[in-house]
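By convention in this document, chain letters (A, B, ...) are assigned in the order of the sequence lines, proteins followed by strands, and residues within each chain are numbered from 1.
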There are 2 protein chains.
Amino acid sequence: MSTARERILAATTELIASQSAEEISTRSICAKAQVGAPEISRQFGGKRGLMAVVADRGFERFLASKRKNPRTEDPVADVRTAWDSHVRFALENPHLYRLMFTPDGEPKPQAVKEAQALLLGVLGRCEAAGRLVLAPAVAGQAILAANVGVCLMMLSFPELFGDLAVSEVVRDAVLGKVTGQAQEGGGAGQAAAAVLARALVGALSGTVTVEDEVVQALSRSLDS
Amino acid sequence: MSTARERILAATTELIASQSAEEISTRSICAKAQVGAPEISRQFGGKRGLMAVVADRGFERFLASKRKNPRTEDPVADVRTAWDSHVRFALENPHLYRLMFTPDGEPKPQAVKEAQALLLGVLGRCEAAGRLVLAPAVAGQAILAANVGVCLMMLSFPELFGDLAVSEVVRDAVLGKVTGQAQEGGGAGQAAAAVLARALVGALSGTVTVEDEVVQALSRSLDS
DNA sequence: ATCTTGTGTTAGCGTCGCCAACACCACAGG
DNA sequence: CCTGTGGTGTTGGCGACGCTAACACAAGAT
């Protein structure tokens with residue numbers, strides 16, 4: 001038999017899989033945990049305190065599942081898969097997710113900062129690779145806010161936002177913005193403009209031919 | 001003296017300016033509305049029903065404030081100001097906003113669809129102007145989800161998301177994605193690439209000079 | 001005059017979160 | 001050996017909650 005505190009947490013975690021935090025009564029928790037009624041107050045200082053701990057435990061699972069994601073050589077792609085695993089977690093644990101990201105009053109789960117710290121790690125790699133056009137802090141806030149918004153709308157209004165296409169659109173939008181790449185060939189357009197401009201200048205000044213400049217630029221882009 | 005139903009709604013609207021929906025007790029509502037305790041059940045079928053009506057009234061105010069926004073000749077700019085007024089409404093009515101966009105259980109406010117319908121109207125003008133690269137329905141869902149996400153994070157974690165910069169980043173990201181324009185000069189970059197390409201072709205084929213093409217393109221862009 | 005509709009009043013139900021008080025038991029230190 | 005001492009279970013109850021039944025009353029419609 002484990003300790004009372006762990007039994008209460010296990011029971012609550014089990015109940016929140018099928019009920020919202022409000023719908024769960026402390027009495028039902030105590031019954032399932034085989035614990036007296038005053039135990040929750042003793043251990044957690046009340047229902048809100050218990051729920052805050054449950055939320056933090058949820059964040060641990062959340063972060064653990066994210067840490068399992070492979071860490072490829074493309075940090076931006078890693079951010080993309082992190083987004084998708086975020087959405088998956090929300091859809092698989094709707095009530096827990098709402099408890100984590102829409103807390104009512106104090107105390108609020110403290111682990112949101114850890115989630116952002118994890119995201120900031122990947123974004124740091126993005127910046128080191130020169131893929132960021134924004135400060136990692138702002139980029140992280142933007143990504144997290146958009147990600148949470150998509151998930152909450154999918155949970156609250158599934159008939160309006162049930163489609164995963166919305167998630168992909170917003171994800172690519174924010175990622176494109178943060179990395180400075182336009183989404184469909186926009187970055188290529190900028191690069192083309194730069195190449196052509198350089199080629200033009202060279203050609204007009206007579207130093208090189210347009211063909212040489214374009215060929216060189218193409219070979220450079222194929223290398224990277 | 002107005003009707004009991006209206007007094008209850010007015011009292012609730014007044015209370016929700018400083019308290020969350022959970023924190024408000026039906027008894028406090030009845031006291032302020034000078035109404036007997038059973039009146040809420042009679043009129044709204046219970047507290048949840050009352051809150052759903054309050055949320056729908058909130059949506060009416062929300063939409064009314066949006067309809068006051070000027071309707072310029074640039075529909076994309078109109079979407080942008082709609083985003084900003086959305087954020088302003090959320091910050092000015094935090095508890096009401098959370099009631100509107102994070103309902104717990106049934107019945108859910110039905111007016112979210114009206115909000116999306118209003119957004120779809122502007123997006124229809126965008127599409128008519130050839131500014132959309134996505135279906136208006138998907139674009140509307142993406143914009144609304146991202147907008148709500150930013151607001152909810154600002155309300156739930158003000159110490160992490162208190163900055164309006166996040167809102168602007170996400171707004172420009174989604175709007176850029178939806179309109180197919182790169183965010184900062186990306187559209188200009190694409191246009192430059194097209195102009196230069198045309199100029200190059202013309203110059204290489206000997207039909208026109210580079211200068212003529214560029215000057216013509218510049219004068220065209222200055223006209224529009 | 002009667003009926004309907006909306007409203008106010010009283011009393012009470014069952015549940016909720018929480019707490020005080022006490023009893024029990026294992027385990028370390030004297 | 002006792003003796004705290006801390007963690008745990010039990011009982012009973014407090015005040016507040018949402019909600020409902022039952023009844024009374026007034027005004028307008030029929």
Side-chain angles (χ1 to χ4, degrees), chain A residues 1-58 95-96 98-100 102-109, chain B residues 1-57 95-96 98-99 102-109:
Chain A
M1 184 76 85
S2 50
T3 141
R5 182 182 177 93
E6 288 172 7
R7 261 177 296 149
I8 292 175
L9 283 173
T12 311
T13 307
E14 196 169 339
L15 286 172
I16 212 172
S18 58
Q19 288 174 312
S20 79
E22 298 182 33
E23 292 165 347
I24 300 177
S25 72
T26 58
R27 283 168 163 80
S28 69
I29 296 174
C30 294
K32 177 180 278 280
Q34 308 222 62
V35 156
E39 210 58 39
I40 289 182
S41 294
R42 276 203 275 252
Q43 301 280 350
F44 305 94
K47 185 183 184 182
R48 309 186 81 101
L50 165 62
M51 287 306 175
V53 177
V54 172
D56 276 329
R57 294 247 174 154
H95 299 113
L96 178 58
R98 290 192 52 159
L99 175 65
M100 288 161 55
T102 61
D104 15 47
E106 309 297 335
K108 301 188 176 178
Chain B
M1 185 75 88
S2 50
T3 116
R5 181 183 178 93
E6 287 172 9
R7 261 178 296 149
I8 292 175
L9 282 173
T12 311
T13 307
E14 196 169 339
L15 286 173
I16 212 171
S18 57
Q19 287 174 312
S20 79
E22 297 182 33
E23 292 165 347
I24 300 176
S25 70
T26 57
R27 284 168 161 83
S28 70
I29 297 173
C30 294
K32 179 180 277 281
Q34 309 223 62
V35 157
E39 210 59 38
I40 290 182
S41 294
R42 278 202 274 251
Q43 300 280 352
F44 306 94
K47 186 182 183 181
R48 309 187 82 101
L50 164 62
M51 287 306 174
V53 176
V54 172
D56 277 328
R57 293 247 174 154
H95 299 114
L96 178 58
R98 290 191 52 158
L99 176 65
T102 60
D104 15 47
E106 309 297 335
K108 300 187 176 178

Treat primed atoms plus P, OP1 and OP2 as sugar-phosphate and everything else as base, then score nucleotides 10-25 of chain D 5' to 3': B for base contact with protein heavy atoms under 4.0 Å, S for sugar-phosphate contact only, - for none.
BB-----BBBBBB---
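Residue pairs meeting the salt bridge (charged side-chain N to carboxylate O under 4.0 Å, His left out) criterion with at least one partner in residues 17-30 of chain A, sequence neighbours excluded, do not occur; the list is empty. For residues 28-46 of chain A, the pairs satisfying salt bridge (charged side-chain N to carboxylate O under 4.0 Å, His left out) are A:Glu14-A:Lys32, A:Glu39-A:Arg42, with sequence neighbours left out.
Rounded to whole Å, atom P of D:dG7 lies 14 Å from atom CD1 of A:Ile8.
On the nucleic acid side, DNA chain C contacts chain A at distances under 4.0 Å to non-hydrogen atoms, with the end points of that region at C:dC16 to C:dA21.
Around CZ of A:Arg5, the count of heavy atoms belonging to other residues, nucleotides or ligands within 6.0 Å exceeds 12.
A search for side-chain hydrogen bond (donor to acceptor under 3.5 Å, both in side chains) contacts involving B:Ser28 returns B:Ser25, not counting sequence neighbours. Scored by the side-chain hydrogen bond (donor to acceptor under 3.5 Å, both in side chains) test, B:Arg98 finds B:Ser156 as partners (sequence neighbours excluded).
Considering all non-hydrogen atoms of both residues, B:Ala4 and B:Gln43 come closest at CB-NE2, 4.4 Å.
Without hydrogens or angle criteria, B:Arg7 side chain to B:Gln34 main chain gives a donor-acceptor distance under 3.5 Å.
The closest side-chain heavy-atom distance from B:Thr12 to B:Val53 is not below 4.5 Å.
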